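Both ligands and their constituent atoms are indexed starting at 1 by order of listing. These figures come from a predicted structure and were not determined experimentally.
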Amino acid sequence: MVAIPLTWGMVMVLCWCLWLIFGIRRRQMGEPPLENGLIPYLGCALKFGANPLEFLRANQRKHGHVFTCKLMGKYVHFITNSLSYQKVLCHGKYFDWKKFHYTTSAKAFGHRSIDPSDGNTTENINNTFIKTLQGDALNSLCEAMMENLQLVMIPLGFPNSKSTAWVTEGMYAFCYRVMFEAGYLTLFGRDLTKQDAQKMLILNNLDNFKQFDKVFPALVAGLPIHVFKTAYKAREKLAEGLKHEKLCLRDQVSELIRLRMFLNDTLSTFDDMEKARTHLAVLWASQANTIPATFWSLFQMIRNPEAMKAATEEVNKALENAGQKVSFDGNPIYLSQMQLNELPILDSIIKEALRLSSASLNIRTAKEDFTLHLEDRSYNIRKDDIIALYPQLMHLDPEIYPDPLTFKYDRYLDENKKTKTTFYSNGTKLKYYYMPFGSGATICPGRLFAVQEIKQFLILMLLYFDLELVENHVKCPPLDQSRAGLGILPPLNDIEFKYKVKHL
Ligand code: HEM
């Protein structure tokens, strides 16, 4: 009986030894130092996944600013010196930024490739994003979001005797509910015929979104969605609700979704459900980072009395300058793009909250063998390898951001209380010092809208409600590292807070 496991054990050890001798990559002349890890295929993935920041810092100490790690069968070259970011991004002609993004999107959302060169669609999706999330389109998005936020936060008939009492709720749960509902209405419009059913439908979508989003890191890591039955069902239900026939019944659908619905994509081989899955990808991109970012901005602001005071003064002044007043008579507050842009204190609060909670991974695939030239030296990179930046290293670098783990609401304000843009590393002014939205060709196309919607949320919270933490000196919740690489990390536990409609 003992012989069978023993034989298997010996076979495994033999395979592992053979892999060590023949299977692992050997570092060649001019290449960065290499960490193969001890597990075939996974390489260093387990250590990286457990705590990416510590893993990268340890390798930085061991190898210097540039090193290669095997992760899930890929060789990833990490460039960890923020002074080198600009140089890295200058090598654009050697980078394929689409490959990783399009493959990941197809895997997670269940559509075929959206790269026009694969022949399934003619849409240049990047152009669509820029055209419909920035410039003039941004005005209508922000206008719709401000109205929808007020619709969700301050329902009709509000305030009544019940709503003037303190309400206690988890802050993350609150931000999730409000931002999801308002964001969904803003992108996918309203169903004017069934107002009551609409709320139920969106709350149902919210539950499905949570189920699906929970397994998102595993999908990105390469696990098939069929392993997760509940998440799979949730994804299918979400996509079902975004089919053409359903969206056609909705009013005030955003330019982004309308353009994609009626795109003259005659060569498209996508059926209705597959197109709906690409809408789902947009829904995910618009919510997955915005929700935790909203939470951190609100939490850090409420937790810091100075920040709260400065923000309240700034918001009250902006409202006064705009000639508007808070009321509950159905006239929503509206601030234009320009007025929203002139709120440096709120900007600084949001930036600082995102600096502390962001853990995105900026990835490019090498199209061919090439030499990466940095300030101090050059490195040979092989075709199909990945070049990665992990800006959290920079965001928490004490040389650039003294006392980096402390929230300082005015960190991004200069001596004139205007937006500060000068940050230094090693005495050199940095071009890249704040990167929660990525960089270069893959920079988030929704970043301007994201900041405006978080700002709108904070403004409305300050204007309509009295806000308090249930526990005054509550500890900052830890970041959920299981989502490292995907963007803004959510809190590991929720924080109770109280809100009450203001006496006007
Ligand atoms: C605080 C909120 C947000 C953060 C931190 C964030 C961050 C990011 C990051 C890091 C990327 C990937 C960049 C890369 O791979 O280098 C990205 C991509 C993207 N984001 Fe955002 N995002 C936010 C909100 C939004 C919103 C509100 C929208 C749209 C309404 C949006 C739309 C997109 C899209 C469509 C992409 C994919 C672009 C492409 O692959 O071409 N994002 N975002």
Colleague: Could you identify the single nearest non-hydrogen protein atom to atom 25 (C) of ligand 1 and state the distance to 0.1 Å?
Modeller: A285 O, 3.5 Å
Colleague: Do Y334 and Q339 have side-chain atoms, one donor and one acceptor, less than 3.5 Å apart?
Modeller: no
Colleague: So between G487, P436, A450, whose heavy atom ends up nearest atom 10 (C) of ligand 1?
Modeller: P436
Colleague: What I want to know is whether R364 and ligand 1 share at least one N or O pair that is separated by under 3.5 angstrom.
Modeller: no
Colleague: Just by distance, with hydrogens left out, do T186 and N148 show a side-chain donor and acceptor under 3.5 Å apart?
Modeller: yes
Colleague: Does any N or O atom in T442 lie less than 3.5 angstrom from one in ligand 1, N or O only?
Modeller: yes
Colleague: Output the list of atoms in ligand 1 that are nearer than 4.0 Å to some heavy atom of T290, sorted by atom number.
Modeller: 2 (C), 24 (C), 27 (C)
Colleague: Does P445 come within less than 4.0 Å of ligand 1, judged by its heavy atoms?
Modeller: yes
Colleague: Any carboxylate oxygen within less than 4.0 angstrom of a Lys/Arg side-chain nitrogen, looking at R382 and E368?
Modeller: no
Colleague: Tell me, which protein residue and heavy-atom name are nearest atom 22 (N) of ligand 1, and how many Å apart are they?
Modeller: C444 SG, 3.1 Å
Colleague: Mind checking whether L133 contacts ligand 1 via backbone (N, CA, C, O), side chain (CB onward), both or neither, at a 4.0 Å heavy-atom cut-off?
Modeller: side chain
Colleague: Hey, are D96 and R364 close enough for a salt bridge, meaning a charged N less than 4.0 Å from a carboxylate O?
Modeller: no
Colleague: Looking at ligand 1, would N126 count as a contact under a 4.0 Å heavy-atom criterion?
Modeller: yes
Colleague: Whether the D115 and S113 side chains hold a donor-acceptor pair (N or O, under 3.5 Å, no angle test) is what I'd like checked.
Modeller: no
Colleague: Does ligand 1 have any atom sitting under 4.0 Å from a heavy atom of E453?
Modeller: yes
Colleague: Any carboxylate oxygen within less than 4.0 angstrom of a Lys/Arg side-chain nitrogen, looking at E240 and K237?
Modeller: no
Colleague: May I ask you to decide whether E54 forms a salt bridge with K47, counting only side-chain N to carboxylate O separations under 4.0 Å?
Modeller: no
Colleague: Just how far is it from atom CG of L53 to atom CD of Q60, taken to the nearest 0.5 Å?
Modeller: 9.5 Å
Colleague: Quick one: does ligand 1 sit under 4.0 Å from the side chain of I488, the backbone, both or neither, non-hydrogen atoms only?
Modeller: side chain
Colleague: Just to be sure I'm reading this right: ignoring hydrogens, which of S286, G446, P292, A359 gets closest to atom 30 (C) of ligand 1? Compare them by their nearest heavy atoms.
Modeller: S286
Colleague: Before accepting this row, confirm whether a basic side-chain N of the pair E35/K70 lies closer than 4.0 Å to the acidic partner's carboxylate O.
Modeller: no
Colleague: Geometry only, no angles: is H101 polar-contacting ligand 1 at N/O separations under 3.5 Å?
Modeller: yes
Colleague: Answer with side chain, backbone, both or neither: which part of A293 has a heavy atom less than 4.0 angstrom from an atom of ligand 1?
Modeller: side chain
